[in-house]
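Encoded as structure tokens, the structure appears first; notes follow it.
Chain A is the first sequence line, chain B the second, and so forth, proteins listed ahead of strands; every chain is numbered from 1.
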Amino acid sequence: MEGEMLKGHLDMIVLAALSSGPAHGYAIIEEIRQRSGKAFNLPEGTVYPALHRLQQAGLLSSRWVTAESGRRRRVYTLTASGKRALADRRAVWQQFSAAIRGLLDGKRSSGQPA
Amino acid sequence: MIDAYLKELSEALRFDSALSAIVLQEVRDHLEEALAQEQLNDRQEAERRVVERFGDPWALAAQFASISLTRVMRRLGIVIVIATIAVMVMMKARVFWYAFFQWTLNESARPFAGFVVTVDRFAFWFAAAIAIASLLYLASYRTPTLLQARHRRRLQRTAVLFKLATLPLGISVTSDFALTALQLRNELSAHALIPIMSLSVEIGCIGVIVYLIFDAAYRLARAEIFAIEPRPFSSH
């Protein structure tokens, strides 16, 4: 899938990837890749500014841990605000997705004027 | 290849050394983790693939520039508002102190002191109004993904507003200095310590603001390159 198409939804994608639990940058990218069936092909580095931006907005928190390899790594977690933001974005996305599906399938929603 | 990439990323992030240290650590961990998942028959080739997948360091730095500069400006705005409140508290504390000890000004100094108090009052409220307005202006727009020229111009306008707020605040503190000097010239005792300390806090607040304004201007200037066009990464 095109990077430009994904960029507008990157924040939601990152929040969704963290919904299964705390993770570091590389694991988040792997999670996105696996959960999207390898359909999302963004430059991997793009995720890091998104993580910092979401943390600045209070949607994520982070802490440094030492990995088994001995490297220091930063682990991100969804905050309560982040969970609420993800739920809101999921609802908006599902509404949008249903509307587009209806449009593409050529079906008319009942009760709406022609 | 990984070291060359991190060196170039470090150069691209030089507008924020604290952020640079954090990002470099994160990116190094990512690249080494990714390298560990690669077939290492040809390490050079594996590193090239890992770096290529990560993306252009200048494009990455452009995204961090937007986040970093917005954070710096927000911090500056909050510091100005807090400093303005601190100046007001210090002024009120001095007035209370003088009333408590029943210190009054000489008759001859009163007309000048009255003029300075008027200047002080107007300058202070002018500074407070601009500081709050500039913080609201900054909070009114979302941080874009990239440091586009438009976002940079907004940040520059905010910086101008902050300078405009600092100028009258400086005038207010200078007025306080003059009033305190008038008040204390015949009252130099241990009781004068509180007015002197409160005035020192006001001067310290102005010093911190001026330092942060210069720091923000320096960072904006360093990040100027990103407002035009990200540079492509070249490992050669």
Side-chain angles (χ1 to χ4, degrees), chain A residues 2-14 17-18 22-34 38 40-77 85 88-89, chain B residues 2 5-6 8-9 12-13 16 18-38 49-75 138-139 141-147 151 226 230 232-233:
Chain A
E2 288 297 323
E4 285 306 314
M5 192 187 268
L6 290 178
K7 273 181 187 169
H9 308 293
L10 186 59
D11 289 359
M12 182 177 66
I13 291 170
V14 171
L18 278 165
H24 57 89
Y26 185 82
I28 292 168
I29 292 159
E30 278 300 304
E31 182 78 7
I32 292 170
R33 197 172 283 144
Q34 296 305 321
K38 299 186 181 176
F40 293 170
N41 195 23
L42 274 172
E44 292 174 1
T46 312
V47 166
Y48 288 89
L51 287 168
H52 283 243
R53 196 172 52 248
L54 290 167
Q55 183 170 9
Q56 191 168 291
L59 304 183
L60 300 181
S61 62
S62 73
R63 66 179 198 281
W64 287 95
V65 298
T66 305
E68 281 177 22
S69 59
R71 287 194 303 271
R72 298 257 297 146
R73 64 173 37 148
R74 203 173 187 196
V75 172
Y76 294 88
T77 310
D88 290 347
R89 286 173 202 207
Chain B
I2 287 178
Y5 183 89
L6 291 172
E8 186 145 2
L9 182 59
L13 289 169
D16 190 334
L19 176 74
S20 175
I22 292 169
V23 171
L24 288 177
Q25 176 116 36
E26 275 192 286
V27 173
R28 178 176 286 283
D29 175 52
H30 177 104
L31 296 177
E32 288 183 2
E33 186 75 30
L35 190 64
Q37 309 300 321
E38 288 278 328
R49 280 198 301 272
V50 163
V51 159
E52 194 175 279
R53 281 207 309 269
F54 201 78
D56 173 23
W58 291 90
L60 192 64
Q63 295 178 55
F64 277 115
S66 177
I67 300 164
S68 166
L69 292 175
T70 307
R71 185 174 52 217
V72 164
M73 296 307 275
R74 281 187 186 152
R75 184 185 63 187
L138 189 61
Y141 55 84
R142 280 189 66 214
T143 310
T145 311
L146 287 172
L147 183 68
H151 182 49
F226 301 116
F233 170 61

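- Glu52(B) does not touch chain A: none of its heavy atoms, backbone or side chain, sits under 4.5 Å away.
- In terms of heavy-atom proximity, Gly55(B) sits nearest to Pro43(A) at CA-CB, 4.1 Å.
- Interface remark: Leu31(B) contributes no atoms to any contact with chain A (heavy atom separation under 4.5 Å).
- Here the NE2-OG distance, from His52(A) to Ser66(B), works out to 13.5 Å after rounding to the nearest 0.5 Å.
- Counting only heavy atoms from C-beta outward, the side chains of Ile67(B) and Pro49(A) approach each other to under 4.5 Å.
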Q: Quick one: do Trp64(A) and Glu26(B) satisfy side-chain contact (heavy atoms from CB on, under 4.5 Å)? Show the steps, please.
A: CA-CA 10 Å; Trp64(A) 287 95; Glu26(B) 275 192 286; 4.0 Å; yes
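- Residues Gly45(A) and Leu60(B) come closest through the heavy atom pair O-CD1, 2.9 Å.
- Ring geometry, Phe54(B) versus Tyr48(A): the interplanar angle falls from 30° to 60°, so the pair is classed tilted.
- Within the model, atoms CD of Glu33(B) and CZ of Arg73(A) stand 4.5 Å from one another, a figure rounded to the nearest 0.5 Å.
- For Arg71(A), the part lying under 4.5 angstrom from a heavy atom of chain B is the side chain only.
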**Q.** Ile29(A) vs His30(B), side-chain contact (heavy atoms from CB on, under 4.5 Å): CA-CA, chis, key distance, verdict
**A.** CA-CA 10 Å; Ile29(A) 292 159; His30(B) 177 104; 3.2 Å; yes
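- The two residues Arg72(A) and Asp29(B) come nearest to each other via the heavy atoms O-CB, 3.9 Å.
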